[in-house]
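Below, chain A is the first sequence line, B the second, and so on; all start at residue 1.
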Protein chains: 2
Amino acid sequence: MDTRVTDPDGDAPAAKGRVPAAKREALAAKGEAFTEDCAPRRVLELFSAKWTSHVLHAMQALYGGTCRPGALQRALPGLSKKMLTQTLRELERDGLVAREVHHVVPPRVDYSLTPLGRTMIEPIEMLYAWARDHEAELSALGLRAPSRRRKA
Amino acid sequence: MDTRVTDPDGDAPAAKGRVPAAKREALAAKGEAFTEDCAPRRVLELFSAKWTSHVLHAMQALYGGTCRPGALQRALPGLSKKMLTQTLRELERDGLVAREVHHVVPPRVDYSLTPLGRTMIEPIEMLYAWARDHEAELSALGLRAPSRRRKA
DNA sequence: CAGTATCCAGGCGGATACTG
DNA sequence: CAGTATCCGCCTGGATACTG
């Protein structure tokens, strides 16, 4: 059955960088616009997932690109050791941060942003900048309530 | 890029790239760097949470800022009706999208990006751009596995 | 200090059914 | 078509304890 909606389309205000009508129709119809395995989906997953952004941001903004796990945890209240490790592992897997172990008596480990990781800082900073710039507008609306609320 | 930290009080780090050593130490020590209720945390929460980015992106890129829920769902394979509604509700609450109901026989609703919502498109596009630009570098590493895997 | 392993509650989110 | 409500599996993520 043709589930295609009436699609008035009369509204479609020609935007700048959007997909041409014909093209997007094809995309939407075929459902190929944002398949599970497209780059954006995967990256947004990485991004959206957990503490990735915060960890990367803290590493760069607070410590200039290199720091020890303890420092990160102290800088990010609420981030448990478990999540910190997990996040760092993921970032390491993806080549965004590098892990350097110093075999000394009190174990010491340094994590640093890789070149690739550094490139990701820009988008992240955009988000932080946006957050700061529109904080008032968001707060004015009552702000987050139903979403990911956690007990404590 | 000024990766200055959240700036709790009125500190004015003339630093170009980062917080002065002394200051950041204080921040980290006091744990005031990224408190639960700072703007970035809240926004990243909104961002990171679910399908927000994808919905906003699809609305803008595919439909120029306005579209019907059905269209979004078709454009985003994997997005259930439940999540779609929930996401739209949140975005509406935060004033990023506007909901317009047309009381006709087959119910028709249009969602559009608000001015505020439109401003959020930029950061989102940055992410998408980054994703595309570094897709190869990420894939080369084996890419996501342990994270949010889902059965199907 | 850095990291792992285990236990376990809570929520996230899918499937389904139903209303307007 | 748009939206809500319910049921429920599963994964996320905190707490705790233990190793090096």
Side-chain angles (χ1 to χ4, degrees), chain A residues 1-8 28 36 41 45-52 54-55 66-93 97-112 144-152, chain B residues 28 36 41 45-52 54-55 66-93 97-112 144-152:
Chain A
M1 93 185 138
D2 185 3
T3 53
R4 190 199 318 278
V5 67
T6 322
D7 200 335
E36 280 293 347
R41 279 280 259 269
E45 202 172 296
L46 165 67
F47 239 92
S48 300
K50 290 167 269 255
W51 293 79
T52 2
H54 293 301
V55 167
T66 300
C67 67
R68 302 172 61 178
L72 284 174
Q73 199 172 355
R74 260 173 282 119
L76 298 169
L79 172 56
S80 68
K81 186 186 295 186
K82 179 183 178 179
M83 278 300 95
L84 172 61
T85 304
Q86 185 174 319
T87 303
L88 287 171
R89 287 284 170 283
E90 264 184 67
L91 291 173
E92 196 186 353
R93 277 190 16 280
V97 306
R99 184 182 133 120
E100 187 185 359
V101 186
H102 305 280
H103 292 89
V104 293
V105 241
R108 179 197 169 97
V109 179
D110 281 300
Y111 287 94
S112 356
R144 10 239 63 277
S147 50
R148 30 186 61 207
R149 285 257 49 110
R150 52 178 32 86
K151 53 181 177 184
Chain B
E36 280 292 347
R41 278 281 257 272
E45 199 172 297
L46 166 67
F47 239 91
S48 300
K50 291 167 271 248
W51 294 80
T52 1
H54 292 300
V55 166
T66 300
C67 66
R68 303 172 61 178
L72 284 174
Q73 200 172 352
R74 260 172 281 120
L76 298 169
L79 172 55
S80 67
K81 185 186 296 188
K82 179 183 177 179
M83 279 300 97
L84 173 60
T85 303
Q86 185 174 318
T87 302
L88 287 171
R89 286 286 170 281
E90 264 184 68
L91 292 173
E92 195 186 353
R93 273 189 22 283
V97 306
R99 184 183 134 118
E100 187 184 1
V101 186
H102 305 279
H103 293 89
V104 291
V105 244
R108 178 198 169 100
V109 179
D110 280 300
Y111 287 94
S112 356
R144 11 240 63 278
S147 47
R148 31 186 62 207
R149 286 254 47 106
R150 55 177 31 86
K151 52 179 179 183

Closest heavy-atom pair, B:T66 versus B:S112, reported as atoms and distance to 0.1 Å, is OG1-CB, 3.2 Å
Here the distance between atom C1' of C:dG20 and atom NE2 of B:H102, to the nearest Å, is 17 Å
Separation of D:dA2 atom P from B:L79 atom CG, nearest Å, is 13 Å
Rounded to whole Å, CH2 of A:W51 lies from P of D:dG14 at a distance of 7 Å
In Watson-Crick or G-U wobble terms, with both distances under 3.5 Å, the base opposite C:dG20 is D:dC1
Quiz item: Taking only side-chain nitrogens and oxygens of A:R68, does any of them come within less than 4.0 Å of OP1 or OP2 of C:dA2?
Solution: yes
Check your understanding: Given C:dC1, is OP1 or OP2 found less than 4.0 Å from the side-chain N or O atoms of A:Y111?
Key -> no
When rounded to whole Å, the CG to P distance for the pair A:L72 and C:dC1 reads 14 Å
Rounded to whole Å, the CE-P distance (B:M83 to D:dC11) equals 16 Å
Just wondering, do B:R99 and B:L88 contact through their side chains at under 4.5 Å, heavy atoms?
no
* Would you call B:T85 and B:P69 a side-chain contact if the rule is heavy atoms closer than 4.5 Å? -> no
Does the D:dG3 base have a donor-acceptor partner in the side chain of B:K82 within less than 3.5 Å? no
On DNA chain C, more 5' by nearest nucleotide between A:T85 and A:P107 is A:P107
Rounded to whole Å, CG of A:L88 lies from P of C:dC1 at a distance of 16 Å
In terms of heavy-atom contacts, A:L91 and A:V55 come closest through CD1-CG1, 4.0 Å
Judged by nearest nucleotide, the residue sitting upstream toward the 5' end of DNA chain D, B:R89 or B:V105, is B:V105
Contact between B:R68 and B:D110 at the side-chain level, heavy atoms closer than 4.5 Å - yes or no? yes
Rounded to whole Å, CG of A:L84 lies from P of C:dA2 at a distance of 9 Å
inquiry  = Check this one for me: any side-chain N or O of B:R99 less than 4.0 Å away from OP1 or OP2 of D:dA2?
reply    = no
Checklist line | Contact under 4.0 Å: B:R108 side-chain N or O vs D:dA2 OP1/OP2 | finding: no
From NE2 of B:H103 across to P of C:dG20 the rounded distance in Å is 14 Å
- request: Quick one: label A:P69 by what it contacts on the DNA or RNA (base, sugar-phosphate, nothing), any heavy atom closer than 4.0 Å.
  value: sugar-phosphate
